[in-house]
Structures are given as C-alpha cells and as structure tokens.
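A short write-up of the structure that comes next.
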Amino acid sequence: MNLKSLLFGKRGFAKSSAADAASGDIDRWLDIYRGGGDWRYTRKGGLSGGTRRVATPNAAKALCAELARLCFTEGTEIISVDKETEAFLKKTLDENRFFERFPDFLEKAFAAGGGVVKVYSASDGVKLDFVGAESFVPTKWDGRGFYGGAFGSNITENGRSYVLAETQEIADGGLVISNKLFNENGREIELSALYPKMREETVIKGLKKPLFTYFGTGAGKNRDCPPLGASVFADSEDTLKAIDIVFDSLTREFILGRKRIIVPSYAVRGEYDEHGELKRYFNVNDEVFEAFSTSDTEELKITDNTGELRVSEHIEALEELLDLLCMQTGLSEGALSFKSGTLRTATEVVSRNSRTYRTACFYRKLIVNGLADVFENICILGKMSGELSRNALESASIRFADSVCEDEGTKIERARSLYASGLISKPRALSEIYGVSLEEAKTIVKEDNND
C-alpha cells in the first residue's frame, strides 16, 4: 500500500501537486541516506555478468549524524520564567522520551530536508508525534509558515496493514482536524474499526495556527515545493558518488590483491565431490617428501606473485573528497575525517571561529525557533485539558549543554555586570539571562513589583 498515493494521489486525501512532485527528491535523498543511490550497483566481472553492490562508508549518514550531534546534544535544558510552565513542559517531554527521539528525528530531517513535530491530546496527556518529510504533505502555506498539512501513519493491527491519514487546516472557525482510515487495499473504511472514539472531523475554535511545526534544514529550498527544505547533501551527490567509488576501489584492492602463489601443476591435488566433478587444490599443510622427474629447477619453484596494495593513495583520495563534502555542507576541513578526527571540544570550535561553529549556530537558531513553537503548542493543549492553569505562560526556551554558540556562564555574568552598572534595565537583564522575550521579562518584573 503506497502511503503517498493515499495522501495526494488521484483519489488522494489531500491535494498538492507541488508536494507530489517534491516527493521524488525526498525519496531519493532518504534512499542515499539509508545506503542506496542509483550508483550503488555496478556490473560484475566475468562471463556470467550481473551486478554487485558497491562498498560504501555511507558518508551521507555520517554527515547528517555529525550535524545532529553538533546541533542538539545530551543534557540540553528547558527553561521558562514561569515555573509551572517549565515543570509541565519537562514532564510532557520526559513522558514522550523527547531527548531520546529528537536527535534521531533531527538526523533524518537533515537528510530529507525537513520533518514535522505534531502535538496532540490523548487520554493520558499531551503527546508528540515525530513525522518524517516522506509522510507529510503541505496543503496551505505562505511566507510566514504553514497553515495546513496532511500526515500519514502506517499501522499494523492483527496482522493487517492500515494507513491513518490526518489533515490540519486553519479555517474561519479555528483549526479543522480531519481523519480517515484506509485498509491494506487502499480502500477507505470506518474509523471505528480501529479507533472507536476518534472523530472524522474536529474543530478547535480560537486557534490561529496548526498544532504541528515544520523543521526545515535551511540548507536550501526544494525546487518543486519551495516551502519544504532540501537535504543538506542535495548539492553534493556527485561528491558522495566519488567517495563510494574510491571506497569501493579500496575494498576491491584487498580482494583482488590477496596473496597469490604460483605452484607447479604436479603440486596440485585433486578430489571428486559428491557430484563426481574433479576439484583441484593445493594443500598448504602437505609435508610429505616426493620425488619428481625433472631437471629444470624453475619447474620446482613455488613463486609469490602478490601485487602491492595501494592503500595510501586511496586514503589520501578519500580524505580529499571528505574535505570537499565538508566544504559543500558548511563544515570545517577535517570534520568528517576518519584519520585526523574532528575538533575535540566546543571551546576549540568557538576559538577558531570555524565554519563548523558558524554552521552549528545557524542550524541551532532554526531549531530554537521551531522548538519554541512546539512548546507553545504543548502549553495550548495543556490549558485545554486542564493540566496547565489558564494564567501560565505559553513560552519557554532551551539551553544547550555545551558552549558551541555561546558560553552560558559568560552570558549571565555579562548581563549581571551591565545591570549592576546601570547600562541595561532589569527586564533586559532577565531577557538575556533566561532567553525570554523582553515583553515576557517586563511582565515578570511587573508581577514581582505588585507582590
């Protein structure tokens, strides 16, 4: 059952011709990320023909994993000036295993050009759904963001496959959420077959934006669907192909360059297999002395005909191509080197003002903006369910665990010093320290003064 055809095919649930065309690029990028690619098979040698798989270090996955590690590290914290909001967000994120799932989502988003984090309510609290770009279809958008989208989820129940398709679109009355269920033959069936309590259409009044957030890579625009992003290696496919060619050649160097011993024909033994065919071999453990009738000593010589392995040349070529890939994707030279290794600490990255540092800061800004929207959606549903009080703030920020973008201690100390010397106001100092907007900081100061 084709998920894409259900979402935007001829009988599709959501209509978006641009997104339909863009799906080809997304599928190709994900195929490369998973170790595929149209160059990953080559013709075999010999008369039988056929193809064999090209050996690959999968540089595309290594690149996406490195970017995800740089942009979101373990120990990242959620901070809000409203302690109730902070506690609720931390509880919701922990219950959804956010800090385990988000890095994996981010790695795949770098490969596919983006991804979606959808927030929804369940009987046991607010839930997060991490949706890949291949399962998302934008239906309404403008220069400020998305106002509608369709999602598809593959479901297996009692050995049968289903697809749950959902759309979210902003209308005059608020947010309209529609759901449909399809069986393994692509035929629509009743939602009650699997979800007896789910409605086909729900309207949440008062909302002016959908409950999903699109995380684009910022590495470029998808040529067929501009609101979607492009893979970080979209313009580096030729380099990835060259890396695989060299790596495959290095692997074949060891296969074809194995030790080869030339022995006299009389030293080769023979045995018949179960099919009656004579199989010849040279017994390396044969220690029996035998007499041969020959006067030519060359005929008795066993010769080592092993070729020299060109390992250094291959490694140098791989290093050059990996550096080229780094240059094309915004990383510093050597960031993907398997020989010299990456920069050891975040402080070293900052001190060198490297391309890696600037790229990490660029992507982190996009991630921060996206997560701020996710946190707001979580708080909105928290208030609707009664888990969060009506007066609680709907905003929070994140504090990264390392100092790639800026050392937090230095930032806080600078804000305190400027406030103590009278150069900035108290709201401005709170804004710098906690990472909240100036308006939110003014609200907190006003509430403290009233108390």
Side-chain angles (χ1 to χ4, degrees), residues 19 21-42 53-72 102-116 130 132-136 214-248 250 317-339 342-343 354-367 370:
S23 65
D25 286 335
I26 295 172
D27 289 341
R28 188 180 73 258
W29 293 329
L30 287 176
D31 184 45
I32 294 172
Y33 166 75
R34 292 166 179 154
D38 55 10
W39 66 84
R40 293 273 168 83
Y41 288 89
T42 187
R53 183 174 176 82
V54 172
T56 172
N58 206 346
K61 188 180 190 310
L63 169 67
C64 295
E66 179 72 5
L67 286 172
R69 184 192 67 80
L70 284 169
C71 296
F72 196 87
F102 189 70
D104 293 334
F105 162 80
L106 203 58
E107 180 180 324
K108 188 177 177 182
F110 278 126
V116 175
F130 296 88
E134 74 279 10
S135 301
F136 170 69
Y214 181 78
F215 286 78
T217 60
K221 297 296 183 183
N222 191 304
R223 59 189 178 186
D224 295 313
C225 191
L228 298 177
S231 171
V232 292
F233 54 76
D235 297 323
S236 307
E237 292 184 33
D238 287 343
T239 304
L240 293 172
K241 179 179 179 180
I243 289 173
D244 284 350
I245 290 174
V246 174
F247 186 80
D248 181 69
L250 174 61
L318 276 175
E319 290 285 353
E320 291 295 331
L321 288 169
L322 287 173
D323 284 345
L324 175 59
L325 180 63
C326 289
M327 182 275 292
Q328 292 173 327
T329 54
L331 297 179
S332 301
E333 181 181 348
L336 294 177
S337 171
F338 60 88
K339 193 174 181 182
T342 58
L343 296 173
S354 65
R355 288 169 58 89
T356 299
Y357 159 64
R358 296 193 297 272
T359 298
C361 287
F362 169 74
Y363 287 135
R364 280 189 165 186
K365 185 176 181 180
L366 297 178
I367 293 170

Discussion item. Please evaluate residues V232 and W29 with respect to the criterion side chain to side chain contact (heavy atoms under 4.5 Å, CB included), reporting the C-alpha separation (whole Å), side-chain torsions for both, the decisive distance (0.1 Å), and the verdict.
Written reply: CA-CA 9 Å; V232 292; W29 293 329; over 6 Å; no
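- For the residue pair E134 and R34, the shortest heavy atom distance occurs at OE2-NH2, 4.3 Å.
- The shortest distance between side-chain heavy atoms of L325 and L240 falls below 4.5 Å.
- A donor-acceptor pair is defined here as one N or O able to donate and one able to accept, closer than 3.5 Å; no such pair exists between the side chain of T329 and the backbone of F233.
- Heavy-atom minimum distance, A62 versus L336: O-CD2, 4.2 Å.
- Counting all heavy atoms, side chain and backbone alike, F105 lies closest to G115 at CZ-C, 3.5 Å.
- A360 and C71 make their closest contact through O-SG, 4.2 Å (heavy atoms, listed as atom of the first residue, atom of the second, distance).
- A donor-acceptor pair is defined here as one N or O able to donate and one able to accept, closer than 3.5 Å; such a pair exists between the side chain of Y214 and the backbone of G229.
- With values rounded to the nearest 0.5 angstrom, F215 atom CZ is found 10.0 Å from L366 atom CG.
- Here the CG atom belonging to N58 is positioned 10.5 Å from the CG atom belonging to L63, to the nearest 0.5 angstrom.
- A donor-acceptor pair is defined here as one N or O able to donate and one able to accept, closer than 3.5 Å; such a pair exists between the side chain of R364 and the backbone of L70.
- With R40 as the fixed residue, the side chain to side chain donor-acceptor pair (under 3.5 Å) test singles out one of D244, D248, D31: D244.
- Listed by first and then second residue, the salt bridge (charged side-chain N to carboxylate O under 4.0 Å, His left out) pairs that reach into residues 320-329 come to none, sequence neighbours excluded.
- For T217 (side chain) and F110 (main-chain N/O), no donor-acceptor pair under 3.5 Å exists by modelled atom type.
- Salt bridge present: K61 and E107 bring a charged side-chain N and a carboxylate O closer than 4.0 Å.
- Checked against side chain to side chain contact (heavy atoms under 4.5 Å, CB included), A112 has the following partners two or more places apart in sequence or in another chain: I26, L30, A133.
- Judged purely by atom type and a 3.5 angstrom limit, T356 has no side-chain atom pairing as donor or acceptor with the backbone of L331.
- A pairwise comparison of heavy atoms in P103 and A68 identifies O-CB, 3.9 Å as the closest pair.
- Side chain of S236 to main chain of Q328: no donor-acceptor pair is present (N/O by atom type, distance under 3.5 Å, no hydrogens or angles).
- Rounding to the nearest 0.5 Å places CD1 of I243 at 7.5 Å from CG of L324.
- Looking only at side-chain heavy atoms (C-beta outward), F136 and L228 come within less than 4.5 Å of each other.
- In terms of heavy atoms, L322 sits closest to A59 at CD2-CB, 4.4 Å.
- Pairs passing the salt bridge (charged side-chain N to carboxylate O under 4.0 Å, His left out) check and including a residue from residues 230-241, sequence neighbours excluded, read R28-E237.
- Between F247 and L318 there is a side-chain heavy-atom pair separated by less than 4.5 Å.
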